[in-house]
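Below is one structure, written out as structure tokens, with a few remarks after it.
If you read the sequence from its start, that first residue is 1, and numbering goes on from there.
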Amino acid sequence: MGLEGVEPSSFMADFLAGCGGYAVVDGGLATELERHGQDLNDPLWSAKCLISFPQLVRRVHLDYLEAGANVIIGASYQATIQGFEAKGLSIEEAETLIKRSVEIACEAREIYLQRCAKGYWDFLDSPKIDRHPVLVAASVGSYGAYLADGSEYSGNYGASVTLETLKEFHRRRLQILANSGADLIAFETIPNKLEAQAYIELLKEENIDIPAWFSFSSTDGTNVVSGDPITECAKIADSCSQVVAVGINCTPPRLIHGLILSIRKVTNKPVIIYPNSGETYNGETKQWEKTRGETEEDFVSYVGKWRDAGACLFGGCCRTTPNTIRAISRALFDKSS
């Protein structure tokens, strides 16, 4: 997308400049797959569709691009070699599926750009659609996401899980994704400092040559879910030149403003935020629960405040939809002030 070979230090700055100063990230993938009839009550979660329904994954990516997303995130959040092996697949089949998650997103981007070139859509509704770059991010979910036991929402892996445990768990998947054709790696929903440090060391040890972003999750607006202060976690991300953005995802919208301010105190890297709809996930019941009844309109009303606080990339996580992303895009580019 015109950013190949760019040094990490200027990668995100160049991308944001090409997007008009701010970028729009996509929304919930699993939410849309479920809306289209998929049952994701499975340890693989959305990665299940890489096996059973890859064409639907491509369609959802395309829906988000139509809605105005500048960044789409592949379906590899819970796609692990260990998880696929538990389903009876070989290591080779697992590695192919992990790489396929990025290829599907790249295919959606290509279809989208071809349609833009042909004037496929009414640009009066999306005036920026044909002149901004699109990046494909390869998703890396936490160790807790693989366990599918709710620990990704607590960051409590137990004393037996060490830095080396985490590095060896993530190593091969990271190698595959770094060579998959993705523009960058999205380390998402990071629940604790230990896993952030494992990622930093892996990026260096494996000589990963594409950029990454680090995105943490919080339930109190001050700490990540494990209780580690967000400022300490952001400092870890800030220490690595390969990390081109730091931020928050899978977190209630009402907490985001304060978290942006905290992150900005310890890093000058661009801040990325893509919160949940406002509901809270119960790891025991595996259900989303209403907390304060925040609506899509409430979510979008925060965007200007988040921008003013210093965020540069804006999207949605669980329970957000293409409508959410379309509204974020309009809030940023049609009503910028």
Side-chain angles (χ1 to χ4, degrees), residues 43 45 73 76-83 137-174 177 185-206 208 212-240 242-252 255-256 258-267 269 271-276 280-284 286 317-318:
W45 199 40
I73 304 171
S76 55
Y77 179 81
Q78 241 156 283
T80 64
I81 294 171
Q82 299 88 335
S139 174
V140 174
S142 69
Y143 178 67
Y146 154 70
L147 296 176
D149 62 357
S151 59
E152 68 183 301
Y153 299 103
S154 69
N156 181 13
Y157 295 158
S160 64
V161 176
T162 65
L163 183 70
E164 290 303 316
T165 305
L166 295 174
K167 285 165 62 176
E168 290 315 303
F169 171 78
H170 287 295
R171 189 180 302 275
R172 181 58 187 147
R173 175 169 58 158
L174 180 57
L177 291 173
I185 305 288
F187 293 99
E188 304 188 274
T189 325
I190 306 172
N192 54 44
K193 286 196 301 183
L194 186 68
E195 199 146 23
Q197 187 61 43
Y199 292 148
I200 292 289
E201 294 189 15
L202 280 176
L203 287 171
K204 294 176 181 176
E205 289 173 14
E206 297 302 319
I208 302 301
W213 81 54
F214 276 31
S215 184
F216 300 89
S217 58
S218 173
T219 56
D220 65 7
T222 303
N223 307 297
V224 300
V225 293
S226 66
D228 296 329
I230 184 61
T231 50
E232 294 183 12
C233 294
K235 283 180 182 177
I236 292 173
D238 184 67
S239 71
C240 180
Q242 213 67 27
V243 177
V244 296
V246 184
I248 297 290
N249 75 293
C250 211
T251 296
L255 301 179
I256 296 295
L259 289 162
I260 295 170
L261 295 177
S262 295
I263 292 169
R264 294 272 293 163
K265 289 178 181 177
V266 297
T267 183
K269 296 181 189 287
V271 175
I272 179 170
I273 55 100
Y274 47 119
N276 290 337
T280 301
Y281 186 74
N282 185 319
E284 295 181 2
K286 299 187 184 301
C317 197
C318 301

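Between the side chain of T251 and the main chain of N249, a donor-acceptor pair closer than 3.5 Å is present. A donor-acceptor contact shorter than 3.5 Å is absent between the side chain of T267 and the backbone of D238. Not one N or O on the side chain of S76 forms a donor-acceptor pair closer than 3.5 Å with the backbone of A79. Judged purely by atom type and a 3.5 angstrom limit, K235 has no side-chain atom pairing as donor or acceptor with the backbone of V266. Side-chain N or O atoms of S218 include one that pairs as donor or acceptor with a backbone N or O of N223 at under 3.5 Å. Remark: the backbone N or O of P191 is paired with a side-chain donor or acceptor of S226 at under 3.5 angstrom. Side-chain atoms of E152 never come within 3.5 Å of backbone atoms of Y143 as a donor-acceptor pair (strictly under, hydrogens ignored). Checked by atom type and distance alone, the side chain of E188 never pairs as donor or acceptor with a backbone atom of S215 at under 3.5 Å. Although no hydrogens or angles enter the test, the distance criterion places no donor-acceptor pair under 3.5 Å between the side chain of S151 and the main chain of S154.
In this structure, CG in L259 is found 7.0 Å from OG1 in T222, a value given to the nearest 0.5 Å. How far CD1 of I185 is from CD1 of I73: 12.0 Å, rounded to the nearest 0.5 Å. Between E195 atom CD and L166 atom CG the span is 5.0 Å, to the nearest 0.5 Å. Distance check, rounded to the nearest 0.5 Å: CD1 of I260 to NZ of K265 gives 13.0 Å. Distance check, rounded to the nearest 0.5 Å: CZ of F187 to OG of S139 gives 10.0 Å. For the atom pair T80 OG1 and L147 CG, the distance stands at 9.5 Å (nearest 0.5 Å).
N276 and C317 make their closest contact through OD1-CB, 3.3 Å (heavy atoms, listed as atom of the first residue, atom of the second, distance). Between A196 and F214, the shortest heavy-atom distance links the atoms O-CE2, 3.6 Å. Between S217 and T189, the shortest heavy-atom contact is OG-CG2, 3.7 Å. The two atoms that bring F169 and Q82 nearest to each other are CD1-NE2, 3.1 Å, heavy atoms only. Residue S262 comes nearest to I230 through the heavy atom pair CB-CG2, 3.8 Å, listed as atom of the first residue, atom of the second, then distance. Counting all heavy atoms, side chain and backbone alike, I256 lies closest to P252 at CG1-O, 3.7 Å.
Side chains of Y146 and I81 form no contact here, defined as non-hydrogen atoms less than 4.5 Å apart. Inter-residue side-chain proximity for K269 and V244 is flagged as unmet; no heavy-atom pair is nearer than 4.5 Å. In this structure, the side chains of I200 and V243 come closer than 4.5 Å at one or more pairs of heavy atoms. Residues N192 and Y157 form a side-chain contact, since some pair of their non-hydrogen atoms from C-beta on lies under 4.5 Å apart.
Results of the side chain to side chain donor-acceptor pair (under 3.5 Å) test with E168 over R171, H170, R172 single out R171 as the only residue that passes.
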Exercise for review: Mind running salt bridge (Lys or Arg N to Asp or Glu O under 4.0 Å) on E201 and K204 for me, showing each step along the way?
Suggested key: CA-CA 5 Å; E201 294 189 15; K204 294 176 181 176; over 6 Å; no

Review point. Could you go step by step and tell me if F216 and V224 meet the side-chain contact (heavy atoms from CB on, under 4.5 Å) rule?
Key: CA-CA 6 Å; F216 300 89; V224 300; 3.7 Å; yes

Point to revise | Pair W213-V246, side-chain contact (heavy atoms from CB on, under 4.5 Å): steps then yes or no | key: CA-CA 6 Å; W213 81 54; V246 184; over 6 Å; no

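By the 4.0 Å N-to-carboxylate-O rule, E164 lies close enough to K167 to be salt-bridged with it.
Counting heavy-atom neighbours within 6.0 Å of R264 CZ, excluding the residue itself, gives a total of 12 or less.
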